[in-house]
**Q** 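Provided herewith is a single structure, encoded as structure tokens, for subsequent inquiry.
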Amino acid sequence: MSNVVSIARQTARCETCRLADSCPMLDGTGAPAEAVPAGRVRVMHEGDRLYRAGDRVDAVYRVRTGVVKTGLTAPDGSEQVTSFFGAGEWVGLDALDGGRHRGEAVALDTASVCVIPVAALRERLAACGRASRLMVEAMSRRIASRDGMHLTLARDSAVQRMAGFLLDLSGRRAAAGLDPDEIALPMSRGEIASYLALAVETVSRLLTRMQRSGAIRVHRSRVEVLDRDALCEAAGVGSDSPRQVRQG
């Protein structure tokens with residue numbers, strides 16, 4: 001595995017990490033717990049893979065920076081994007097039960113992930129109630145996000161899907177302590193289209209329409225939220241909806 005450095009030798013990086021408060025692998029002082037020295041930090045570049053379909057599950061991954069996508073290969077050989085993971089989110093947990101990955105995980109930009117061996121994670125969760133609570137909360141947020149996407153695909157119009165997708169990314173950034181109005185968007189229009197079950201042309205058209213309406217400003221690899229109320233209206237959600245990000 002290339003571009004990997006030991007967490008144990010970089011305690012200061014863990015102590016200064018903005019995700020330290022929600023990391024189950026750190027003790028109360030922000031230092032790595034006893035189970036962590038087997039862990040690693042992996043630096044990835046666009047297109048690098050964390051794992052492929054069929055690989056054995058030896059570790060799980062927590063995104064520190066950047067965005068990682070997961071996907072499955074359809075019977076016709078095409079890719080179906082299943083999710084996007086940003087800072088603070090865990091990749092690979094869905095394969096723990098079966099022992100092998102069903103799909104692949106790929107970096108969409110320059111990214112870094114904490115590589116946590118499964119044995120070390122299980123040891124830490126068994127030994128520390130706080131670590132178990134943090135892990136359950138992280139998994140609960142992920143399940144809620146996935147359930148919301150399933151509802152979106154089943155019931156929402158194209159514009160509601162696109163706006164809801166942006167609000168979901170915004171909310172996940174807020175959960176990681178990042179600016180919810182600056183949404184990283186390193187994925188291609190085609191990858192967004194695959195995830196939302198839309199045509200590529202529809203994704204491009206909707207982003208252009210939302211920008212013209214003043215709800216967002218589209219940059220090369222990010223979207224700036226200018227009018228959250230307008231974005232919520234486009235998504236068909238209210239101010240008290242869990243898909244709305246409250247600031248302050």
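Keep in mind that the numbers below use all heavy atoms, side chains included, and drop hydrogens, waters and symmetry copies. Please read all numbers here as calculations on a predicted model, not as lab measurements.
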**Q** Give the C-alpha distance, both sets of side-chain angles, the deciding distance and a yes or no for side chain to side chain contact (heavy atoms under 4.5 Å, CB included) between F84 and L108.
**A** CA-CA 9 Å; F84 300 104; L108 293 179; 3.8 Å; yes
**Q** Just verifying a value: how many Å separate I143 CD1 and R141 CZ, rounded to the nearest 0.5 Å?
**A**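 One gets 11.5 Å once the value is rounded to the nearest 0.5 Å.
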**Q** Please assess M162 against I192 for the test side chain to side chain contact (heavy atoms under 4.5 Å, CB included), listing each intermediate value before the final yes or no.
**A** CA-CA 9 Å; M162 190 70 239; I192 296 173; 4.1 Å; yes
**Q** What's the spacing between L96 CG and L121 CG if we round to 0.5 Å?
**A**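 So the gap between those two atoms works out to 7.5 Å.
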**Q** Can you check whether V91 reaches Y51 side chain to side chain, under 4.5 Å on heavy atoms?
**A**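 Yes, close enough: below the 4.5 Å cut-off.
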**Q** Heavy-atom count around R52 CZ within 6.0 Å, excluding the residue itself: above 12?
**A**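 Incorrect, the count does not exceed 12.
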**Q** Closest approach of R124 and P24, non-hydrogen atoms and distance?
**A**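 For R124 versus P24, the nearest heavy atoms are NE-O, 2.7 Å.
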**Q** Are V237 and V225 grouped together when hydrophobic residues (ILVMFWY) are joined by side-chain heavy atoms under 4.5 angstrom apart?
**A**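 Yes, because V237 and V225 connect within a single hydrophobic cluster, where side-chain heavy atoms sit under 4.5 Å apart.
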**Q** Can you measure from CG (L50) to CE (M44) and round to the nearest 0.5 angstrom?
**A**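 Taking CG in L50 and CE in M44, the distance rounds to 4.0 Å.
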**Q** Could you tell me whether the side chain of T110 and the main chain of H45 form a donor-acceptor pair under 3.5 Å?
**A**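 Flag not set: sc T110 to bb H45 has no pair under 3.5 Å.
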**Q** Please lay out, stage by stage, how R62 and E89 fare under the test salt bridge (charged side-chain N to carboxylate O under 4.0 Å, His left out).
**A** CA-CA 6 Å; R62 194 181 191 206; E89 297 182 318; over 6 Å; no
**Q** Go through R18 and T65 one step at a time and tell me if the side-chain hydrogen bond (donor to acceptor under 3.5 Å, both in side chains) criterion holds.
**A** CA-CA 10 Å; R18 64 171 178 266; T65 60; over 6 Å; no
**Q** If Ile, Leu, Val, Met, Phe, Trp and Tyr residues are connected whenever their side-chain heavy atoms lie under 4.5 Å apart, and connections chain through other members, are L93 and M25 in the same group?
**A**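 Yes, it is one cluster - the side chains of L93 and M25 are joined through contacts under 4.5 Å.
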**Q** Is any side-chain heavy atom of R228 closer than 4.5 Å to one of P180?
**A**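 Yes, side chains in contact.
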**Q** For the CG atom of L198 and the CZ atom of F165, what is their distance to the nearest 0.5 Å?
**A**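 It comes to 10.5 Å.
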**Q** Closest heavy-atom contact between R161 and L196?
**A**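 Minimum heavy-atom contact is NH1-O, 2.9 Å.
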**Q** Do any N or O atoms from the side chain of S204 and from the backbone of E201 form a donor-acceptor pair under 3.5 angstrom?
**A**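 Here the side-chain-to-backbone pair does not exist.
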**Q** Please answer: with hydrophobic residues joined when any side-chain heavy atoms are less than 4.5 Å apart, are L72 and V57 in the same cluster?
**A**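 No: no chain of side-chain contacts under 4.5 Å links L72 to V57.
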**Q** Salt bridge check, R173 against D181: does any charged N sit closer than 4.0 Å to a carboxylate O?
**A**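 No, this pair does not count.
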**Q** Taking S112 for the side chain and R42 for the main chain, is one N or O donor matched with an acceptor at less than 3.5 Å?
**A**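 Between the backbone of R42 and the side chain of S112 there is no qualifying donor-acceptor contact (under 3.5 Å).
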**Q** Within this structure, what is the CZ-CD distance for the pair R222 and E224, rounded to the nearest 0.5 Å?
**A**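 Atom-to-atom, R222:CZ and E224:CD are 6.0 Å apart.
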**Q** Between K69 and E191, which heavy-atom pair has the shortest distance, and what is it?
**A**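 For K69 and E191, the tightest heavy-atom pair comes out as NZ-OE2, 2.7 Å.
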**Q** Would I183 and L169 count as a side chain to side chain contact (heavy atoms under 4.5 Å, CB included) if you check the C-alpha gap in whole Å, the side-chain angles of each, and the deciding distance to 0.1 Å?
**A** CA-CA 7 Å; I183 303 172; L169 292 179; 3.7 Å; yes
**Q** If the threshold is 4.0 Å, N to carboxylate O, is there a salt bridge linking E137 and R133?
**A**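 Counted as a salt bridge, because a side-chain N and a carboxylate O are separated by less than 4.0 Å.
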**Q** Can you tell me how far the OG atom of S194 sits from the CD atom of E79, to the nearest 0.5 Å?
**A**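 Between atom OG of S194 and atom CD of E79 there are 6.0 Å.
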**Q** Closest heavy-atom contact between E104 and R49?
**A**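 Here E104 and R49 meet closest at OE1-NE, 2.8 Å.
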**Q** Do you know which two heavy atoms are closest between F85 and W90, and how far apart they sit?
**A**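 In this case the closest contact between F85 and W90 is CE2-O, 3.2 Å.
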**Q** What about L166 and V159, same hydrophobic cluster or not, with Ile/Leu/Val/Met/Phe/Trp/Tyr joined at side-chain heavy-atom distances under 4.5 Å?
**A**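 Same hydrophobic cluster.
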**Q** Taking atom CD of Q80 as the centre, does the number of heavy atoms from other residues, nucleotides or ligands within less than 6.0 Å exceed 12?
**A**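 Correct, the count exceeds 12.
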**Q** Nearest heavy-atom pair of A53 and R102: which atoms, and what distance?
**A**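 Smallest heavy-atom distance, with atoms named: CB-O, 3.4 Å.
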**Q** Would you say C232 and L167 make side-chain contact, with heavy atoms under 4.5 Å?
**A**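 Counting from C-beta outward, C232 and L167 do come under 4.5 Å.
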**Q** Show your reasoning for whether side chain to side chain contact (heavy atoms under 4.5 Å, CB included) applies to R205 and V203.
**A** CA-CA 5 Å; R205 184 176 69 252; V203 169; over 6 Å; no
**Q** Heavy-atom count around E233 CD within 6.0 Å, excluding the residue itself: above 12?
**A**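 Incorrect, the count does not exceed 12.
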**Q** Give a yes or no on whether V67 and L207 share a hydrophobic cluster (residues Ile, Leu, Val, Met, Phe, Trp, Tyr; joining criterion: side-chain heavy atoms under 4.5 Å apart).
**A**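 As far as the 4.5 Å side-chain criterion goes, L207 and V67 are connected within one cluster.
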**Q** Within the distance-only criterion (no hydrogens, no angle test), does the side chain of Q160 pair as donor or acceptor with the backbone N or O of S157 below 3.5 angstrom?
**A**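 Present.
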